[in-house]
Amino acid sequence: MSAAKPSGKKRRRKRRFVAGITGQIGAGKSTAAKAFAARGFKVIDADKTAHSLYGPGTALNRRLRKIYGSGYFLKDGSPDRKKLAERVFKNISEYRKFTSLVYGPLNRKLLSEIKKAGKFAAVDMAVLFESGFYKKVDAVIYVSADAGERHRRVVPVLGEKFVKRAEKFQSAFGNSKKIALSGYILYNDRGIKHLKSQALKIMKKTGV
């Protein structure tokens, strides 16, 4: 993985530049992604992409229904995401079974969306490392924040039990390893303005 070298002159980039934005739950990935969007990046939300993959009538929807049963689906045919999440985060075995079904189709769909994105794209993806998609981007940007601050943001929305389980399974890859494999670290500990300022500096370093 390598980032484009900065230059004193404005250059025409001959190929597409893709940034992968990741970090622990509640760290501020989406806020960082907005900073990239403001600079002309096409931001791809991996969660929304994943949800589109197992909507009613899709191949993945049928496969999940066969494995988990109709009790995990709503009347319109879409997955009951809350109920399915409770099953998926029940234990590491269930989590791995689910992700083994989703990661392949998700990564292929993301690559397809990137091809339509123009010269600059940023993928907002909590499971960038777990899915192996970090190998497909030009620069990995890891958003970091204090655990207390992260929990303050997301626990009221998602619930403490869910957040702790999500952190446990997503940390199986190893947060220290994620940081080591990241080209840039964004520290979200001094407010949105400072976060956006750091994002801008990263874009300048990559020659964007």
Side-chain angles (χ1 to χ4, degrees), residues 1-7 13 15-50 92 95-96 99 102-104 106-111 113-114 117 119-151 153-154 163-164 166-208:
M1 179 186 67
S2 60
K5 294 181 179 179
S7 169
R13 190 178 294 279
R15 66 179 185 84
R16 186 178 293 107
F17 180 85
V18 183
I21 303 173
T22 192
Q24 290 178 290
I25 188 169
K29 298 182 296 298
S30 297
T31 301
K34 288 178 182 178
F36 279 79
R39 294 285 294 183
F41 275 71
K42 169 63 177 179
V43 174
I44 300 169
D45 186 323
D47 281 344
K48 289 183 179 179
T49 301
I92 193 66
Y95 179 75
R96 287 174 175 168
T99 56
V102 174
Y103 285 162
L106 174 59
N107 287 358
R108 290 191 290 273
K109 181 64 174 179
L110 289 173
L111 288 173
E113 291 188 14
I114 286 171
K119 290 188 176 181
F120 304 102
V123 181
D124 178 356
M125 191 174 191
V127 292
L128 185 73
F129 287 103
E130 290 84 351
S131 66
F133 202 76
Y134 73 98
K135 298 175 183 177
K136 305 293 185 182
V137 303
D138 298 293
V140 175
I141 300 162
Y142 187 88
V143 185
S144 177
D146 175 75
E149 179 62 21
R150 289 190 294 102
H151 288 184
R153 296 171 188 159
V154 297
V163 170
K164 286 185 175 180
E167 287 182 327
K168 178 182 177 181
F169 297 143
Q170 289 178 3
S171 65
F173 191 95
N175 287 321
S176 59
K177 185 177 180 181
K178 291 178 182 180
I179 292 172
L181 289 171
S182 299
Y184 304 94
I185 311 297
L186 273 177
Y187 296 99
N188 189 13
D189 55 0
R190 291 170 57 186
I192 293 176
K193 186 175 181 180
H194 183 250
L195 181 68
K196 290 181 176 180
S197 175
Q198 289 181 85
L200 179 58
K201 288 179 181 178
I202 287 174
M203 283 182 263
K204 288 181 178 179
K205 285 181 180 179
T206 60
V208 175

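Any value given below was found using the heavy atoms of this structure, including those in side chains, with hydrogens, waters and symmetry copies removed.
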### Task
Grab the two heavy atoms, one from Val140 and one from Ser182, that are nearest each other, plus how far apart they are.
CG1-OG, 3.4 Å
#### Entry: Closest non-hydrogen atom pair between Ala32 and Leu186, with its separation
CB-CD1, 3.8 Å
### Summary
Looking only at heavy atoms, the pair that brings Ala37 and Val43 closest together is CB-CG2, 3.7 Å
### Message
Taking atom OH as the centre, does Tyr187 end up with more than 12 heavy-atom neighbours from other residues, nucleotides or ligands that are less than 6.0 angstrom away?
### Response
no
### Task
Find the distance between CG (Leu128) and OH (Tyr134) and round it off to the nearest 0.5 Å.
9.0 Å
#### Entry: CD1 on Ile179 to CZ on Phe129, rounded to 0.5 Å
9.0 Å
### Query
Thr49: what forms a side-chain hydrogen bond (donor to acceptor under 3.5 Å, both in side chains) with it, not counting sequence neighbours?
Glu113
### Query
Is there side-chain contact between Thr22 and Lys178, with heavy atoms separated by less than 4.5 Å?
no
### Ring geometry between Phe120 and Phe41 (parallel below 30°, tilted from 30 to 60°, perpendicular above 60°)
tilted
## Note on the structure
Rounded to the nearest 0.5 angstrom, the OH-CD1 distance for Tyr184 and Ile202 is 7.5 Å
### Query
How would you list, by chain and number, every residue that makes a side-chain hydrogen bond (donor to acceptor under 3.5 Å, both in side chains) with Ser30, sequence neighbours excluded?
Asp124
### Summary
Output for pair (Lys29 NZ, Ile141 CD1), nearest 0.5 Å, gives 13.0 Å
### Message
I'd like to check Met125 versus Leu110 (side-chain heavy atoms, cut-off strictly below 4.5 Å). Are they in contact?
### Response
yes
### Message
If I take atom NZ from residue Lys34 and atom CD1 from residue Ile21, how far apart are they, to the nearest 0.5 angstrom?
### Response
12.0 Å
### Task
Check ring pair (Phe, Tyr, Trp, His ring centres under 6.0 Å) between Phe133 and all other residues, then give those that pass, not counting sequence neighbours.
none
### Message
Under the criterion side chain to side chain contact (heavy atoms under 4.5 Å, CB included), I'd like the reasoning laid out for Lys136 against Val123: C-alpha separation, chi angles, the key distance, then a yes or no.
### Response
CA-CA 10 Å; Lys136 305 293 185 182; Val123 181; over 6 Å; no
